[in-house]
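A quick write-up on the structure given underneath.
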Amino acid sequence: MTKKTLSLYNTASRAKENFTLPEGIPEVRLYACGPTVYHYAHIGNLRTYLFEDLLRRSLEYFGFKVRHVVNITDVGHLTSDEDEGEDKMEKGATRTGQSVWEVAEFYTQKFKEDLELLNILPPTVWCKATDYIKEQIQLIENLEKKGYTYKTSDGIYFDSMKFPKYTEFARLDIVGLKSGARIDIGEKKFATDFALWKFSPKDKKRAMEWDSPWGVGFPGWHIECSAMSMSLLGETLDIHCGGTDHIRVHHTNEIAQSECATGKLFSRFWMHGEFLRENNTDKMSKSSGEFLTLDALVRKGFDPMAYRLFALTSHYRNYLNFSWEAMGNAVDSLGALRRKTDPFIGIEGNVKSVEAREWSSAFKNAIADDLNSSAAIGVLNLMLADSSIEDCEKAALIKEFDGVLGLRLLNKPEKVKRSAKEEAMAKELIEKRNVARIAKNWAESDRLRDELLSIGVVIKDGKNGTEWEWK
Ligand code: AMP
Ligand code: ZN
């Protein structure tokens, strides 16, 4: 089996391309748009960070050194991506009764805890927008000097029609946009123009505001990613990623302002993770407040690795539909996988035989094909069933594959600790179910079994009565 080079789907070309580094570039300059820290990350957001972790681990598996930068958006993101609505951070402060700075700190910490629970590697550099105000102002000044900006009564705007390639990246329909110009665009010259700097309201002091050559205010959302990525990684990045929702506005605007400022290509590859949905709609959104957190899954007794496996079993460019049934299946698959890999915990070895090397190539080929994680998991399962390779080689292969999958297969899983209240609730429901079973009320018994499952209790009815355990 021949080893392939890593091929990645580039949103810019809408095609898979072989990934290599340009001459003289020692490490992959990787930038991922991070969270807006006004609320918990939901499991949809986390799916995107799982995809980016798969990418980072895969690049390292293919021998690249990676400089991975993730930003924390703690200012400037308004409730609409089109520069309108409330400031998300101020909204978070009103909701929680805390200051914007406290809100940012709290949700940043929660986000980092989620990443750790999901075994997502921390980036090489974390950066936050409020630490890079000077760089954002400099970038806007550069754009102003080159004639790409104009002023309205509420801010400094980027003149998108001065960047002829503006519509290219998202394949925007400029004719449609022009005919749709009837929509209220305020003082903007064109619908796709966007704020680089917003002025503070004259009658109100904002919780977050800074002096600038244009007056007191705050940066627009898009400028932070251009300023931070170029400060930390240079004017051209190798890979820039985020969720698919960023293609049309956020990444299009990042490209426009960065390329107009430098005259260089902003990013060689663009990669986007598709959305996690619930009930096949895009309902899971942070701003709607209706979403599931990783904490909620853990409280229901799910191992975060089951969510990781659930995400890995679909390709990152496909929609993934969340349901409790699908999570239940992921728990079963993880259990089955662990039963096969547990006997290899603590065994040391190397990949030596031709057969073992073939498995390694097969796994690599799956990942090489635009990070085909579900095919890679298939290879892992087939390899585990192969009796022709020695245990120490199997252990080495599990270690190698899990370096990419990150399922902690060679760690002993820790049982989630249950509170006395949870234990009491489980016992009460089991008791009620026993009563229903004695009364042959099967509908009630089934309903109680589902209720138990929803709080993380799995039951098995056997000859010696009902046994139960936490998932
Ligand atoms: P935010 O904190 O809202 O700025 O989003 C953080 C990341 O999550 C961004 O890369 C978004 O594109 C991504 N994202 C938002 N909603 C979803 C979803 N339902 N599924 C997958 N990714 C999402
Ligand atoms: Zn961004």
Side-chain angles (χ1 to χ4, degrees), residues 11 30-55 69-81 85 87-89 91-92 103-104 107-108 110-112 114-115 118 120 123 127-129 132 136 139 194 219-233 237 239-258 266-267 270-294 307 310-311 314-322:
T11 305
L30 172 66
Y31 184 86
C33 290
T36 309
V37 283
Y38 70 109
H39 218 317
Y40 295 103
H42 57 62
I43 57 171
N45 302 130
L46 294 170
R47 180 188 186 204
T48 291
Y49 300 107
L50 281 167
F51 139 63
E52 288 156 358
D53 188 54
L54 173 69
L55 171 65
V69 176
V70 179
N71 70 300
I72 299 284
T73 298
D74 56 354
V75 68
H77 200 167
L78 304 185
T79 43
S80 138
D81 282 353
D87 180 305
K88 289 191 177 186
M89 294 308 300
K91 209 175 151 199
V103 169
Y107 290 112
T108 301
K110 286 306 288 179
F111 176 66
K112 290 183 180 175
D114 283 351
L115 298 196
L118 286 168
I120 292 175
C127 52
K128 55 178 183 177
Y132 284 79
Q136 295 177 69
L139 191 53
F194 56 93
W221 171 41
H222 316 294
I223 198 74
E224 69 168 86
C225 285
S226 292
M228 290 190 281
S229 61
M230 293 200 285
S231 301
L232 292 160
L233 295 165
L237 318 176
I239 309 178
H240 190 312
C241 36
T244 49
D245 58 327
H246 284 346
I247 299 172
R248 200 182 62 86
V249 179
H250 185 49
H251 289 167
T252 288
N253 292 349
E254 278 191 48
I255 292 171
Q257 66 203 4
S258 307
F266 178 44
S267 184
W270 286 87
M271 294 181 68
H272 294 95
E274 193 44 273
F275 263 37
L276 176 82
R277 293 175 153 184
E278 212 181 343
N279 305 321
N280 288 313
T281 69
D282 279 341
K283 185 173 106 194
M284 199 169 304
S285 102
K286 218 190 256 191
S287 52
S288 74
E290 271 178 55
F291 56 79
L292 262 170
T293 59
L294 186 64
Y307 184 65
F310 170 62
S314 87
H315 191 265
Y316 77 86
R317 283 198 291 122
N318 293 337
Y319 280 113
L320 176 59
N321 196 47
F322 179 85

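When a ligand or atom number is given, it counts from 1 through the structure's own listing order. One is the number of the first residue; the rest follow in order along the sequence. Scope of the values below: all heavy atoms of this structure, side chains included, with no hydrogens, waters or symmetry mates.
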Which atoms of ligand 1 have any heavy atom of H42 under 4.0 Å away? 16 (N), 17 (C), 18 (C), 19 (N)

Show the atoms of ligand 1 that are less than 4.0 angstrom away from any heavy atom in T48. 10 (O), 13 (C), 21 (C), 22 (N), 23 (C)

Please report the closest heavy-atom contact between T244 and E274, naming both atoms and the distance. OG1-OE1, 3.0 Å

Decide whether an N or O pair under 3.5 Å exists between F275 and ligand 1. no

Atom indices of ligand 1 within 4.0 angstrom of H246 heavy atoms, with elements: 9 (C), 10 (O), 11 (C), 12 (O)

Indicate yes or no: does an N/O atom of G242 lie under 3.5 Å from an N/O atom of ligand 1? no

Could you tell me how the ring of F51 sits relative to the ring of Y316: parallel (under 30°), tilted (30 to 60°) or perpendicular (over 60°)? parallel

Any N/O/S atom from C33 (main chain or side chain) under 2.8 Å of the Zn ion (ligand 2)? yes

Closest N/O/S atom of H250 to the Zn ion (ligand 2), by atom name? NE2

May I ask you to check whether E274 has an N/O atom sitting below 3.5 Å from an N/O atom of ligand 1? no

Closest heavy-atom pair and its distance - G243, H272: O-CD2, 3.3 Å

If we only count heavy atoms from C-beta on, is the C127 to N71 side-chain gap below 4.5 Å? yes

The Zn ion (ligand 2) contact by H222, N, O or S atom under 2.8 Å: no

Residue set satisfying salt bridge (charged side-chain N to carboxylate O under 4.0 Å, His left out) with K128, at least two apart, ordered chain then number -> none

Using a 3.5 Å cut-off on N or O atoms only, is G44 in polar contact with ligand 1? yes

Heavy atoms of H240 and S267 approach each other most closely as N-OG, 3.4 Å

Using 30° and 60° as the class boundaries, would you call the ring planes of H42 and F291 parallel, tilted or perpendicular? tilted

Which atoms of ligand 1 have any heavy atom of D245 under 4.0 Å away? 11 (C), 12 (O)

If the cut-off is 2.8 Å, does any N/O/S atom of H251 fall short of it from the Zn ion (ligand 2)? no

Residues at least two apart in sequence or cross-chain that pass side chain to side chain donor-acceptor pair (under 3.5 Å) with E52, listed by chain then number, are none

Atom 3 (O) of ligand 1: which of T73, I43, V37, N45 has the nearest heavy atom? N45

Parallel, tilted or perpendicular: which one describes the rings of W221 and H246, with boundaries at 30° and 60°? perpendicular

